[in-house]
Amino acid sequence: AGKRAGRRSIVAFEPDMLGDERHRRFVERELRAAILLNELALHYQPILAADGTTVTSYEALVRWQHKVRGMISPADFIGIAEQSDLIDKLGEWVLRRALGDLPQLGAVGVNVSPVQLRRTDFVERFAAILAERAADPKKVTVEITESVPLLAGDVELANLARLRALGVRVAIDDFGAGHASLYYLRRFAFDVIKIDRTYVANIGENRVDAMIVSAICEIARSLPVEVVAEGVETETQLTLLKAAGCTGFQGYHLGRPQPLARLASAVAAAAA
Ligand code: C2E
Ligand code: MG
Ligand code: MG
Ligand code: MG
C-alpha cells in the first residue's frame, strides 16, 4: 500500500493537478521541511578525461528522497525553490554536503542557480562554507546554467569574478540551450563550457549539431577553456565528441549519478 500511495503522490507533484499557486506553495512547504528533516541527498556523476578512464571530477546532483513519495527529481522542485529564499537554503545545503564529501571525491562540481548568483551576499556565504569545510577552492567548480537568462546584471558578473578570485572554477552549463551563449562567453572568462546534451544526443545523425560541437571546441581551444560534453549515452557519441575536440565527458555511458557510498565501493573494488 505504501508503494501505491507513493506513486499516487508523485503524480500530485505535477503542476496542473492543483492550481499553479497551490502546487507551488505545497511543494515549497514540503521542501522546506525536507531540508530540515535531512531528506535531501546528493548523487555524484563522474566526469572523465579523454583517455576514457581518468575521473577528473564529479558533478553533485541533488535528490529528494521523500518518505512517502519516493525519489523526486530536481526538475520538479528547483524551479519552485527559485521563487523564494528556499533556493539559497537548498544551495547552501548542497555546497556544505558536497564539500564534506570532497576528500573522497577529489574534485566536485556543484550547480548554482542564477537566482543564487543574483544575491549580493552570495560569495561571502560561499566563502564561509569553503572555510568551514577547509576545502581547496581549486577543487570546486560552480556550474551556472545558461538555459535561463543569466548575466543580465552587474551583480551576477561581479559575483562570478569574486568566485574566480577565490580560486573556484566557473563552468557555463547547458551551453547552447539558451539564446545568448556567445554573448556570455564574451562577458565572462569561464573555465569550463558544458555542451548541452541536446547537441550530444544528435551528434551522430545531425550534421549541423556535429558542426556546432566542433565550432564550440574550436573557440574553446583558442580561449582556452575546457569543453565537457554532457549526456554521453553511446560509444559512437564518445568517439565523435573526442574527434570534435571535447576535453571532458559525462553521461550514462560513462557512469550514472550514484550515492557516494556506491562510488566509494566502486573505487575500492577497482583498487583491490
Ligand atoms: P545539469 O546540471 O545539466 O545536470 C545534468 C543532468 O543530466 C542530470 O539530471 C543528470 O542526471 C542527467 N544526465 C547525466 N547523464 C545523462 C545521460 O547520459 N543522458 C541523459 N538523458 N541525462 C543525463 P538531474 O540530476 O535530473 O538534474 C537536472 C537538473 O537539475 C541539472 O541539470 C541542474 O540544472 C539541476 N540541478 C541538479 N542538482 C542541482 C542542485 O544541487 N542545485 C541546482 N541549483 N540545480 C540542480
Ligand atoms: Mg550541471
Ligand atoms: Mg548540464
Ligand atoms: Mg543539462
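Counting starts at 1 for both ligands and their atoms, in listed order. Numbers here are sequence positions counted from 1.
A donor-acceptor pair under 3.5 Å links the side-chain atoms of Ser222 to the main chain of Glu218, judged by distance alone. In this structure, the side chain of Asp173 does not engage the main chain of Glu143 through any donor-acceptor pair within 3.5 Å. Although no hydrogens or angles enter the test, the distance criterion places no donor-acceptor pair under 3.5 Å between the side chain of Asp121 and the main chain of Glu124. For the pair Gln45 (side chain) and Tyr58 (backbone), a donor-acceptor distance under 3.5 Å is absent.
Here Glu59 has side-chain heavy atoms under 4.0 Å from ligand 1, and that is the only part of it that gets that close.
Here is the list of ligand 1 atoms found below 4.0 Å of a heavy atom in Glu233: 17 (C), 18 (O), 19 (N), 20 (C), 21 (N).
Put simply, Glu230 gets within reach of the Mg ion (ligand 3), with an N, O or S atom under 2.8 Å from it. Inclusion of Asn111 in the first shell of the Mg ion (ligand 2) is supported: an N, O or S atom falls under 2.8 Å. In summary, an N, O or S atom of Asp174 is located under 2.8 Å from the Mg ion (ligand 3).
When only interatomic distances are considered, the shortest N/O to N/O separation between Arg197 and ligand 1 falls below 3.5 Å.
Relative orientation of the Phe190 and Phe188 rings is perpendicular, given thresholds of 30° and 60° on the angle between their planes.
In Asp173, the N, O or S atom that comes nearest to the Mg ion (ligand 2) is OD2.
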